[in-house]
Amino acid sequence: MTAVALRGEEREVALAEVDAVRAAAQDEAYRGRLDALRAAIEDEGPAEPGEIAELERLVTIALQSGRIRALYGPGGEQALLRLYRRLPGGVELGQSAAAVAEALTGLQGRTLEGVSLTAVGPGAFSLAVTAGGVQLKVHLDRQGARLASVEA
């Protein structure tokens, strides 16, 4: 994987988050990893798999917790969302969503016969859409939207 370049507000907000986490961290080894991440962000961007994984972890927690929006407003949140979509987990989520969207597009023009949403577990759902004799099942959870099955 190549370096993840951070631009403008992405860099500012990411650096602020690294600093905030470092200030709260007790473990010296972890603080050292955060120092390395900070240096990488200031340089050309994280390039090592461990740096990229740590950046993704920090960005994910900051976005999910609402911390970024609360501290930096919608602009800061949008900046980190743009960054997240370029990180491995964000790329994977985007690909998964695109696959689901493509499958759903296959139902266009067909007569809608049924739609159901079932709670599978905490934060996990199964969406079934039946149209024109074809049923698509989509799983929705923290890992994203995934096409579970297509039945004709």
Whether over 12 other heavy atoms sit under 6.0 Å from [X] [atom1]:
| X | atom1 | answer |
| --- | --- | --- |
| Glu151 | CD | yes |
| Glu92 | CD | no |
| Glu42 | CD | yes |

Problem set entry | Side chain Arg33, main chain Gly50, donor-acceptor under 3.5 Å | no
Exercise. Within the side chain of Glu17, is there an N or O that forms a donor-acceptor pair under 3.5 Å with the backbone of Ala62?
Worked result: no
Sub-4.5 Å side-chain heavy-atom contact between [X] and [Y]:
| X | Y | answer |
| --- | --- | --- |
| Tyr84 | Leu93 | yes |
| Leu37 | Leu58 | yes |
| Gln135 | Glu113 | no |
| Glu54 | Glu51 | no |
| Val4 | Leu83 | yes |

Could you pull out the closest heavy-atom pair between [X] and [Y], with the gap in Å?
| X | Y | result |
| --- | --- | --- |
| Gly45 | Ala3 | O-CB, 3.7 Å |
| Ala79 | Glu10 | O-CG, 3.3 Å |
| Ala103 | Leu147 | CB-CD2, 3.7 Å |
| Gly76 | Val13 | CA-CG2, 4.1 Å |
| Arg110 | Val134 | NH1-CG2, 3.2 Å |
| Phe125 | Leu117 | CB-CD1, 3.7 Å |

Rounded at 0.5 Å granularity, tell me how far [atom1] in [X] sits from [atom2] in [Y].
| X | Y | atom1 | atom2 | value |
| --- | --- | --- | --- | --- |
| Asp35 | Glu28 | CG | CD | 8.5 Å |
| Arg22 | Tyr30 | CZ | OH | 11.0 Å |
| Arg7 | Arg82 | CZ | CZ | 8.5 Å |
| Lys137 | Ser116 | NZ | OG | 8.0 Å |

For this session: Determine, using the 4.5 Å side-chain heavy-atom cutoff (strictly less than), whether Leu71 and Leu80 are members of one ILVMFWY cluster.
Result: yes
Exercise. If you group Ile, Leu, Val, Met, Phe, Trp and Tyr by side-chain heavy-atom gaps below 4.5 Å, do Ile61 and Leu63 land in one group?
Worked result: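 No; tracing contacts between hydrophobic side chains, which count when under 4.5 Å, never links both residues.
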Problem set entry | From CA spacing to verdict: side-chain contact (heavy atoms from CB on, under 4.5 Å), Leu6, Leu55 | CA-CA 11 Å; Leu6 283 76; Leu55 176 61; 4.2 Å; yes
Problem set entry | Working for side-chain contact (heavy atoms from CB on, under 4.5 Å), residues Arg85 and Leu81 | CA-CA 6 Å; Arg85 287 190 290 266; Leu81 284 168; 3.8 Å; yes
For this session: Take Arg11 and Ile41, measure what side-chain contact (heavy atoms from CB on, under 4.5 Å) needs, and give me the verdict at the end.
Result: CA-CA 7 Å; Arg11 179 184 308 263; Ile41 291 170; 3.9 Å; yes
For this session: Check each of Val115, Leu104, Leu136 against Leu127 using the side-chain contact (heavy atoms from CB on, under 4.5 Å) test, and report the only one that passes.
Result: Val115
For this session: Determine, step by step, whether Leu107 and Leu112 satisfy the side-chain contact (heavy atoms from CB on, under 4.5 Å) criterion, reporting the C-alpha distance in whole Å, the side-chain angles of both residues, the deciding distance to 0.1 Å, and the verdict.
Result: CA-CA 8 Å; Leu107 298 179; Leu112 181 64; over 6 Å; no
